[in-house]
Amino acid sequence: MPQYMEQKKYTYPKEEKLKSRNTIDLMFSEGRSVSKYPLRLVYVPLPVTNESPIKVGVSVSKKHFKKAVDRNYFKRLLRETYRHNKHLLLENIPGNYAFMLMYQTKDRLSLEEINTKTIQLFEKFIIQLKQQ
RNA sequence: GCCGCAGGCCGCCUUAUCGCUGCGCUAACGCGCGGAGGAAAGUCCGGACACCAUAGGGCAGCAUAGCGGGUAACGCCCGUCAUUCCGUGAAAGCGGGAGAGGACAAGUGCAACAGAAAGGAUGUACAGGUAAUGCUGUAGUGAAAUCAGGUAAACUCUAUGCGGUGAAAUGCCAUGUAUACCGGCAACUAAGAACUGCCCGUUCAAUGCCGGGGGGUAGGCAGAUAGACCCCUGCAGUAAUGCAGGGGCCAGAUAAAUGAUAAGGGUCCCGCAAGGGAUACAGAAUCCGGCUUACAGGCCUGCUUUUUAU
């Protein structure tokens, strides 16, 4: 295991899960987004509270995968890559944020490919955030 | 042993690392123990459970249809008979399979070929008969020719059953903001209402603050995970199934956990070998009973045929 992996917390606890229907509606109506095909990240700033500074959900469209097993599988992979790369977000956001990570292709990418794309996506997000 | 058919069952395992979720323990860090299916699927039937509706009766609609049994219930399951198919046989019979099967003596519709004619039918020949007439018989075609013809997985009729919605049901708690209403305090006149036509005054209203408070949004809790439950044994029954005794606890999430990765091992396929490949269908969403559909590979039981050995 590389050195850095021991230092960071690769967790995805309940408090970090995006559950509020209203927040999700807000994100899709007023949020901004970045894409790194085939992934897409939608985000919106939240008011600062005592809760977790970050709220994250994942999404795989029924349009791309008809069977529930496939959707579950790719949602798990998205959670996995979020877990391993969430420090990129936590170290760079100025306040509280909500995110939705979306998988937008019918192709069955491997975990390794998705992981690479996720890192690129997060870096792209950070650049966009700094430009504002 | 092989092939085929029928029925039933199972449907990957281990370790490590990083994670998720429920419960228990702990002051805490954490630790321990559980954690998808036979179809979880299609949402096609039947229930349980809720709420709404409901005097009684009828119409419409939908479903079912030999007989007997099982069940909480069913359109499901079991048994059995008519009928029918296949094999065998001279036949009787024997073995195996199918088996939605009430009524055509209410009405309507439909019917290949053959045939004069197939449904308000009746020609020809011969024979018989009458006041008269296909009135009667035979020949001829056909499965069927006035025989109460056939056909209802044809309309239809008969009998029986069925109220609707569906866990986003339903019940409860409730922060913030605004607020019906109630109480207290403060303040005060420019306007309002009443006593009263006017002035003063009083009361109300109005304003601000504080407190109470109903409904109720976000959200939360219950519903919701111990049950027509599972396993074993015995008894009753041809069976479906029932009864008795003993043992067991087996997901409970809610934008939704039950995973990801790596290594090793099973099993099967290809190959002389090294080795390579495959490991299905598929993801709980209130819960049960069925039906239907999907499924790599493997196992078991029974029967038929054939081969070899005894």
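Each chain gets a letter, A, B and so on, in the order its sequence line appears, and its residues count up from 1.
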| Counterpart residues, side chain to side chain donor-acceptor pair (under 3.5 Å), relative to Ser33(A) (two or more places apart) | Arg40(A)
| field | Any residue meeting side chain to side chain contact (heavy atoms under 4.5 Å, CB included) with Lys66(A), in chain and number order, not counting sequence neighbours | value | none
| task | Rounded off to whole Å, could you give me the OH-to-P distance for the Tyr10(A) and C20(B) pair? | result | 14 Å
| query | Applying a 3.5 Å limit to both distances, which nucleotide forms a Watson-Crick or G-U wobble pair with C126(B)? | reply | G137(B)
| said: What's the separation between atom CG in Leu39(A) and atom CG in Leu101(A), rounded to the nearest 0.5 Å? | reply: 6.0 Å
Between the protein and nucleotides 277-279 of chain B, which nitrogen or oxygen pairs are less than 3.5 angstrom apart?
none

| field | Inter-nucleotide C1' distance (A36(B), G259(B)), Å rounded | value | 13 Å
| remark: Taking a pair to mean Watson-Crick or G-U wobble geometry with both distances below 3.5 Å, A50(B) pairs with U165(B)
| If pairing requires Watson-Crick or G-U wobble contacts with both distances under 3.5 Å, which nucleotide is the partner of U17(B)? | A260(B)
| query | Is there side-chain contact between Arg32(A) and Val44(A), with heavy atoms separated by less than 4.5 Å? | reply | no
| query | Roughly how far, to the nearest 0.5 Å, is CD1 of Ile24(A) from OG of Ser29(A)? | reply | 11.5 Å
| said: Does C250(B) count as syn, meaning its glycosidic angle lies within 90° of 0, or as anti? | reply: syn
| Can you tell me how far P of G19(B) sits from CD of Glu16(A), to the nearest Å? | 12 Å
| query | Any donor-acceptor pair under 3.5 Å linking the side chain of Thr11(A) with the backbone of Pro13(A)? | reply | no
| Letter per nucleotide, 5' to 3', of nucleotides 251-261 of chain B [B base touched, S only sugar-phosphate touched, - untouched; heavy atoms, 4.0 Å] | ---SBSSSBSS
| said: Under 3.5 Å for both donor-acceptor distances, Watson-Crick or wobble: does C243(B) have a partner, and if so which one? | reply: G234(B)
| said: Syn if the chi torsion is within 90° of 0, anti otherwise; quick check, which is G22(B)? | reply: anti
| message | Taking the C1' atom in each of U293(B) and A41(B), what is the distance between them to the nearest angstrom? | response | 9 Å
Please output the side-chain donor-acceptor pairs of residues 109-121 of chain A that fall under 3.5 Å, not counting sequence neighbours, one pair per line with the distance.
{"residue": "Ser110(A)", "atom": "OG", "partner": "Glu113(A)", "partner atom": "N", "Å": "3.3"}
{"residue": "Ser110(A)", "atom": "OG", "partner": "Glu113(A)", "partner atom": "OE1", "Å": "3.3"}
{"residue": "Glu113(A)", "atom": "OE1", "partner": "Ser110(A)", "partner atom": "N", "Å": "2.8"}
{"residue": "Asn115(A)", "atom": "OD1", "partner": "Asn85(A)", "partner atom": "ND2", "Å": "2.9"}
{"residue": "Thr116(A)", "atom": "OG1", "partner": "Glu112(A)", "partner atom": "O", "Å": "2.9"}
{"residue": "Thr118(A)", "atom": "OG1", "partner": "Thr81(A)", "partner atom": "OG1", "Å": "3.4"}
{"residue": "Thr118(A)", "atom": "OG1", "partner": "Ile114(A)", "partner atom": "O", "Å": "2.7"}

| Which ones in residues 112-124 of chain A lie close to RNA chain B, meaning a heavy atom under 4.0 Å from one of its atoms? | none
| query | Ignoring hydrogens and geometry, is there a side-chain-to-backbone donor-acceptor pair from Ser35(A) to Tyr37(A) under 3.5 Å? | reply | no
| remark: In whole angstroms, the gap separating P of A282(B) from CZ of Arg71(A) amounts to 13 Å
| query | Is there a Watson-Crick or G-U wobble partner for C110(B) with both distances under 3.5 Å, and which nucleotide is it? | reply | G150(B)
| query | Side chains of Leu89(A) and Phe122(A): does their closest heavy-atom pair fall under 4.5 Å? | reply | yes
| field | Contact list for residues 70-87 of chain A, test salt bridge (Lys or Arg N to Asp or Glu O under 4.0 Å), sequence neighbours left out | value | Glu16(A)-Lys86(A), Asp70(A)-Arg108(A), Glu80(A)-Arg83(A)
| field | Partners passing side chain to side chain contact (heavy atoms under 4.5 Å, CB included) against Lys17(A) (at least two apart in sequence or in another chain) | value | Tyr12(A), Lys19(A)
| message | When the C1' atoms of U207(B) and A191(B) are compared, how many Å lie between them, rounded to an integer? | response | 14 Å
| When rounded to the nearest Å, what value does the distance between P atoms of C303(B) and C62(B) take? | 50 Å
| Within this structure, what is the NZ-to-C1' distance between Lys66(A) and G283(B), rounded to whole angstrom? | 16 Å
| task | For C147(B), measure the glycosidic angle (O4'-C1'-N9-C4 for a purine, O4'-C1'-N1-C2 for a pyrimidine) and name it syn if it falls within 90° of 0, otherwise anti. | result | syn
| message | Say we look at G1(B) and U14(B): how far apart would their C1' atoms be, to the nearest angstrom? | response | 36 Å
| request: Using the P atoms only, state how far C67(B) lies from G95(B), rounded to an integer number of Å. | output: 28 Å
| field | Syn/anti state of A205(B) by chi, 90° boundary around 0 | value | anti
| request: Only counting residues at least two apart or in another chain, list the ones meeting ring pair (Phe, Tyr, Trp, His ring centres under 6.0 Å) with Phe125(A). | output: Tyr43(A), Phe99(A)
| message | My understanding is that only residues two or more places apart in sequence, or in another chain, count here; which of them pass side chain to side chain contact (heavy atoms under 4.5 Å, CB included) with Ser20(A)? | response | Asn22(A), Thr23(A)
| request: Could you work out the separation of A98(B) and A6(B) based on their C1' atoms and round it to a whole Å? | output: 14 Å
| message | Tell me every residue that passes side chain to side chain contact (heavy atoms under 4.5 Å, CB included) with Tyr73(A), counting only those two or more places apart in sequence or in another chain. | response | Leu77(A)
| Which whole number of Å gives the distance between the P atom of A60(B) and that of U158(B)? | 9 Å
| task | With a 3.5 angstrom cut-off on both distances, give the Watson-Crick or G-U wobble partner of C195(B), or none if there isn't one. | result | G201(B)
| Partner nucleotide, any strand, of C9(B) [Watson-Crick/G-U, under 3.5 Å] | G298(B)
| field | Nearest-Å distance for atom pair NZ/P, residues Lys55(A) and A218(B) | value | 17 Å
| Does G93(B) have a Watson-Crick or wobble partner in any strand here, with both distances under 3.5 angstrom, and which is it? | U88(B)
